[in-house]
Structure formats: structure tokens, C-alpha cells
Trainee: 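One structure, as C-alpha cells, below. Some questions next.
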Protein chains: 2
Amino acid sequence: MESKNLTIQDVAKRANVSVATVSRVINNSSLVREATRSKVLEVIETLGYSPNFLGRDLRRDQTMRILLLTPSLIWPIMLDLFRGIDDAAQRHGYSVIAAPTTNSKKKEQELIAMLKNRFVDGLIVIGSTLSPQELDDLGKQYSLVQCSEWKETKYTSIVSIDDKKAGYDAISYLIKSGHKRIAMIGSKNSGSALLRLQGYQEAIAKAGLKFDESLVKFGDFTYEDGLCLTKDLLKLEDKPTAIFCINDVVAVGCVNALKKNGIRVPDEVAVVGFDDTKEALMSIPEITTIAQPKYELGYRTFELLINQMNQEGSNYQNITLEHNLILRGSTVNIDIKE
Amino acid sequence: MESKNLTIQDVAKRANVSVATVSRVINNSSLVREATRSKVLEVIETLGYSPNFLGRDLRRDQTMRILLLTPSLIWPIMLDLFRGIDDAAQRHGYSVIAAPTTNSKKKEQELIAMLKNRFVDGLIVIGSTLSPQELDDLGKQYSLVQCSEWKETKYTSIVSIDDKKAGYDAISYLIKSGHKRIAMIGSKNSGSALLRLQGYQEAIAKAGLKFDESLVKFGDFTYEDGLCLTKDLLKLEDKPTAIFCINDVVAVGCVNALKKNGIRVPDEVAVVGFDDTKEALMSIPEITTIAQPKYELGYRTFELLINQMNQEGSNYQNITLEHNLILRGSTVNIDIKE
DNA sequence: TTGAAAGCGCTACCAA
DNA sequence: TTGGTAGCGCTTTCAA
């Protein structure tokens, strides 16, 4: 199974040149005679030689690799986030590797060790169990940017939308549509979710409606939570006429719970989701949602990160991108084209 | 941003011991006096030293890391597959890192380079654009196992279910339920999908039904394909009474298309999905599906991989695990508990 | 139980 | 345009 473990020495010997020259060829140095270059390349080809990056990276003290740290890689928003990060990275010659922590402290530490142990040059964090203090400690010593799902820190850069305003906008829209009894299915396990709740409360207050705690439920971003918590809401004396869900998957659960109870969407109850992921389209009716500029969030995150990696001095920035509301059948009666 | 770049030398100096001793402490060698050990550990703590793994791995010619190569990390089956791989890896002291190729040849080559460049010790491939020949070339030289979504090769190990039999079982079940006009929404972009189609054909043949090409549609595993291709099926003169979908997401699209056309599921048309992912539950009715033992597939895959990494000689195995059919509302009228 | 030192594969400096 | 070589940080053998 072990490959032949060829080294730059083997190539040099075979090509009758020095290792320095081989190294130059590998790294596309311009100061190699064309004839020499092609000879070396030919030997590399024949031998099937691949340079050992451990040696290279050790010598250069740089890996051109970054790590994406996140509880789950299968989050619906992850695809576009990753594409944004990866495209930006590619542009600068960096590779992105990823690993899910599944919210395990141990796993998280193990991955952060990859940063400390010089296996990657920088870290992008999209949600973690790390405390703001821990994030700050890391941020002070290493290159680190938080993206989308973040915690308040002094020493890390952050790229995200304005979650509070997003919550505010969602609720304001529902209020404008005539709703007075608006529920929310949120989560306590996420900074962003809590901010969206603040937005909810502000919008309610501003409209002169009274805040009713029983209209706010907390779950964990899953379809099942959407299903169950909606059922809970339906048990209330004074039922909501609109429900704001923390993401689209929850919103699909919400819509399905309503339908199972014979409640018409959007006529009797309107539903708003979040993220504009493909799940928002997997329901009948489709889900009105707040869209995050996921690709751009990712792209800008890498740009901030490479800034930090290249700079000596510290330079922490917060970048806020615009969200927007996408209207679909779960809040408005739209003609369905078939 | 740069951390202080402490080395084992710094620790040695500060602790008044040799680097060899520090190394022994780091690696939990038993031949260090307890007093020495604690002194060294204290210095490590004070300084905040983390060993540079590039140096270590270069020296050891081993990284204790493997790479998971797959077109998309957000595939619904990926979560359990990854957990299985990761748990097995953890058990052996290995880390798993992942990267999506998004079916880009270039990205794929870049990631495979990580293997060739000694950045990881082994590779797990869950779907790729690599030809059997390319896979064989890699398999001959490096440690490589295919999992779940695979191609026929001589020189790689494979862990998967028997996809042909799975297709056969799904269709046989529908035939036993009385269906005679059975459609399939498959895909041409996947070996497993093609095998399931073979199973479909065999079951049809065995039951003495005639194979009707117009009942077989090809898409790309997406919700939209489920939606559109089902619409196509409904345009047929002689409509199907059952539809077998290549995965659960497609099946949800299928069910929704049927509902939008006023067709009752399962009374008028029955639907079967594949994979038993969470999407199968996100539909009304829930989707009858073929479950793969995803976690175990992942677990066994790593076990095969570590075998190869530890062995000198070649040792290619095919492991086939059992699938099973899960009955839900899309094929049977089940009392829905509320 | 500890230390000295060679060397993993590579890059990049200096000299030619 | 090329070669010689020091040294990146670490482990591990050998000797003490």
C-alpha cells in the first residue's frame, strides 16, 4: 500500500541536476533553462513523483490551507457559504478543508489543534461551543474569522447579516399584512437566533402590540421541532395567525403541522422561514423567507481572513451584509403555475 | 496575528532539559522521571506551547489523518456516513477532514494531491468523477476505499449495499402490493443508481410484466427533478400507479407534484424513496423508503482503510451490507397519530 | 532516566 | 542558470 516514497533527491539524481533545480522547477521559478526544466519534468512524470508538502510547509512555515470549523456540514446554508469561502480561497491559492464538530468540545479542541499545530494557516468558525473568551484568546494569537453564526468578541473579525434587523423586518412585514397575533419558533442555542428574537420583540413593541411570552417557543432548528412546537402553539386559547420560524426546515415542519390540523396556509395562518434554502421550496405552499447572501458571506469571510493572515498587526472588523425578504405562498396567495 | 512560533527548543531551554526529553513528555513516553515530566508540562503550560505537527509528521512519515472526498458534503446521507467514519477513526487515533469537489475535476485533483503530497495517510471516496482506471491507479499506490457510491474497480476496496437487490426489493414490494404500472425516477450520473435500475428491470421481468421505457426517467437527485419528472410521467397515456424514486428528496418532489395535480397518495399513486433520510419525514404522507445502514457503512469503510494503511501487501475487499424497506404513508394508508 | 545528534523532504540563501 | 548546503521542528537511536 505504501507508495515508493520518492523524494526530490531521487528526481535530482535521475535528472542529473541538483535538488535546488528540481525545487525550482516544481515551484515554477523563472530562472531555469527551458531544456533543464523539461528534462526535470520528464523525470518527475516518469517516476510519478509528488512533492511531500510536509517538508515544504515546514520549511516555509506556511501551509496555504485553512480550516472551516462548524457543528454540522450538512446545514442547509453550508453549501453556499462553503462555495463562497472556497472560491475566494482558490483565488488566493488557498485550499479549504472542513470538519464538523457535532458540538463536541473534544472534537472542537482537536480541530483547533490543527491551527495551533500549524496544519492550517487560519480558521473560519461558523458556530461553535466556544465561549466569547475562548474565541478572543484564539483570535489574539491566530488568524480567525467568525461567519454567519457568531458570538460577540473583541478580538475576532465577524461577517454576518444584521440578525436583529432581519427578525424585525420579518415581523414588521407580518404586522403590515394585518397580523396582530404573531408567534415565533426560535432557539436558545444560537446568538443569531437570539438576536432575531430581539428584532421580533422590537417590532412588536413598535407596533404597539403587547409581547406575549406564550407565543415564543424554543427548539433546535429541526423539522421535528417545527412540527411539535407548532402543535403546542395550536393548543393556545388565543391562537396565532402568523408564525415566524428560525429557519426554513422548521417552517416546513410548521406548515405541515398546520395542514395536519386542517388549518389552511396562508389563509388562516401565515408562516415565514429563514435562510432561503432549498427546503423552503419543498413545501406546499412554498415558504416565504428571509434570504441571507450566503455566498457573499463566505466570500467576504475569506477575504477578511487572508487580510489577517498577511498582516502583522491586529485588525478586527465586523462586516454586515444585507438580507432580504422573499415572498412566497406561505404568506400570500400566489397563483401556482403548473 | 502571527503567534510566537514557539518550538520544542524554547521549551527545552526554559525547562533546563534536552529537546529529547521534551519530546518524550509530549508523546507520553514512560521513561521520563515524574519530576521532570511535571516540570516540562509546567513550562509548556506557561509558555502556551503547541508542537508543530509538520515537523512531527515529516519525521514520522505519518499524519494520522485521512481525507473524505465527495461531490457534496450536504448530501442527506452524509451526516451518518461521516459519523460512522469519524467514530471509527477516532477509535484508532485518526482525524477525518473533508472537502467537497462539487464534481469539479480540478478540485478533485487538488484534493487527491493532498494524499499524494503526504498531507493525509488515506482517502475515502464517496462518489467522484474519477474513472475506474483512475481509481485503480490511485488504489494501487495509495490507501483508498470507496464507500456507498462507487465504481467497479480491481484495486480499491468497496463498502456499500447491494444496490441492484435494493432496487429489486423496492419494485418487488410494489408488485406484491398489486401494482403493474411502475415508474422509476433514476439518474445516469451514478453507478449505484444504474444498479438500482437493473434491479427494477429484473423485478419487472421476473413478474412477467413488460418493461416500458417511457416509465423510466433520469434526473439528478434533486427535489426539482422529482417535481418535473413526475409531471412528465403524468402526461403519459397509460399513467403509472407507483413511482420508485432514486432518493427521498426526489420522492418528496414526486409526492408534491402528485398532490399539486390532485392525485391522492398513496390511494391513486404510491411512492417509494431511497436512503431513509430526514427528508422522508418532511412530506405528507411520509415516504416509504429503502434504508441504507449509513453509519455502519462509514464505520466499516474506515476499518478497511486502516487495514490498508497498516499493511504492506495489497488487500482489496468488497463489503456488502444489508438494506431494508421501511413502510410509511406514501405506499400504505397508515393511521396518523396526532 | 537523560542528552547529543542525525535526518525526515523541502526551500532559499549564497556562491559560482 | 545552476549547485551546495543550512536549517525548518520534530522524533528516535545510541551512548552515557
Side-chain angles (χ1 to χ4, degrees), chain A residues 2-41 43-44 47-65 113-121, chain B residues 2-41 43-44 47-65 113-121:
Chain A
E2 286 304 74
S3 80
K4 297 145 288 179
N5 250 47
L6 290 167
T7 74
I8 201 170
Q9 313 280 351
D10 301 317
V11 178
K13 217 167 291 170
R14 181 76 168 262
N16 283 316
V17 295
S18 70
V19 292
T21 300
V22 178
S23 175
R24 288 190 193 99
V25 171
I26 294 170
N27 294 290
N28 289 315
S29 160
S30 56
L31 15 76
V32 181
R33 196 149 42 96
E34 202 42 49
T36 316
R37 178 188 307 281
S38 46
K39 185 175 58 180
V40 171
L41 285 175
V43 172
I44 288 177
L47 258 40
Y49 164 77
S50 303
N52 181 328
F53 280 9
L54 296 172
R56 188 198 65 171
D57 294 348
L58 175 60
R59 179 55 223 245
R60 288 194 179 151
D61 195 24
Q62 193 185 39
T63 66
M64 299 300 276
R65 242 182 310 269
M114 289 184 64
L115 179 65
K116 295 185 176 173
N117 297 328
R118 312 290 137 72
F119 245 89
V120 292
D121 298 335
Chain B
E2 286 305 74
S3 79
K4 295 145 291 178
N5 249 46
L6 290 167
T7 75
I8 201 169
Q9 313 279 352
D10 300 317
V11 177
K13 218 167 288 169
R14 181 75 169 263
N16 282 316
V17 295
S18 69
V19 292
T21 299
V22 177
S23 173
R24 289 191 190 99
V25 172
I26 293 170
N27 294 290
N28 289 315
S29 160
S30 56
L31 18 75
V32 182
R33 195 148 42 95
E34 202 42 49
T36 317
R37 177 188 309 281
S38 46
K39 186 174 59 180
V40 171
L41 285 175
V43 172
I44 287 176
L47 258 40
Y49 164 76
S50 303
N52 182 327
F53 279 9
L54 295 172
R56 186 197 65 170
D57 295 347
L58 175 60
R59 179 56 224 244
R60 289 193 180 152
D61 194 25
Q62 193 184 44
T63 67
M64 300 300 277
R65 237 181 313 273
M114 290 183 63
L115 179 66
K116 296 185 176 173
N117 296 327
R118 311 290 137 70
F119 190 74
V120 293
D121 298 336

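Quick note on labels: first sequence line is chain A, next is B, and so on, each numbered from 1.
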Trainee: Side-chain donor-acceptor pair under 3.5 Å between A:Thr63 and A:Asp121, yes or no?
Mentor: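 A:Thr63 vs A:Asp121: donor-acceptor pair found between side chains.
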Trainee: Under a 4.0 Å N-O cut-off, is there an ion pair linking A:Arg118 with A:Asp57?
Mentor: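 No salt bridge links A:Arg118 with A:Asp57.
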Trainee: Is any side-chain heavy atom of A:Arg65 closer than 4.5 Å to a side-chain heavy atom of B:Phe119?
Mentor: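 Yes, their side chains come closer than 4.5 Å.
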Trainee: Report yes if some heavy atom in the side chain of B:Thr36 is under 4.5 Å from a heavy atom in the side chain of B:Thr21; otherwise report no.
Mentor: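 Yes; the side chains approach each other to less than 4.5 Å.
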Trainee: Scan nucleotides 8-16 of chain D nucleotide by nucleotide, 5' to 3', and note B when protein non-hydrogen atoms come under 4.0 Å of the base, S if they reach only the sugar-phosphate, - if neither.
Mentor: BBBBBB---
Trainee: Quick check against the 3.5 Å criterion: does B:Asp10 have a side-chain atom that pairs as donor or acceptor with the backbone of B:Leu6?
Mentor: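 Judged by distance alone, no pair lies under 3.5 Å.
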Trainee: Please report the end-to-end axis angle for the helix from C:dT1-D:dA16 to C:dA16-D:dT1, five pairs per end, rounded to 10 degrees.
Mentor: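 The value is 40°.
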Trainee: Do B:Val40 and B:Ile44 make a side-chain contact, defined as non-hydrogen atoms from C-beta onward lying under 4.5 Å apart?
Mentor: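 Yes. Closest side-chain heavy atoms under 4.5 Å.
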Trainee: When you list every nucleotide of DNA chain C with an atom under 4.0 Å from a heavy atom of chain A, which one comes first 5' to 3', and which comes last?
Mentor: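 First and last nucleotides in contact are C:dG9 to C:dC13.
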Trainee: Is a donor from one side chain sitting under 3.5 angstrom from an acceptor on the other, for A:Asp61 and B:Asn5?
Mentor: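 Indeed, the side chains of A:Asp61 and B:Asn5 share at least one donor-acceptor pair under 3.5 Å.
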Trainee: Taking side chain as C-beta onward, heavy atoms only, is B:Pro51 less than 4.5 Å from A:Asn117?
Mentor: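 With C-beta onward as the side chain, the pair touches.
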Trainee: So do A:Val17 and A:Val22 actually touch side chain to side chain, heavy atoms under 4.5 Å?
Mentor: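 Yes, close enough: below the 4.5 Å cut-off.
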Trainee: Is any side-chain heavy atom of B:Tyr49 closer than 4.5 Å to one of B:Ile26?
Mentor: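 Touching, per the 4.5 Å side-chain cut-off.
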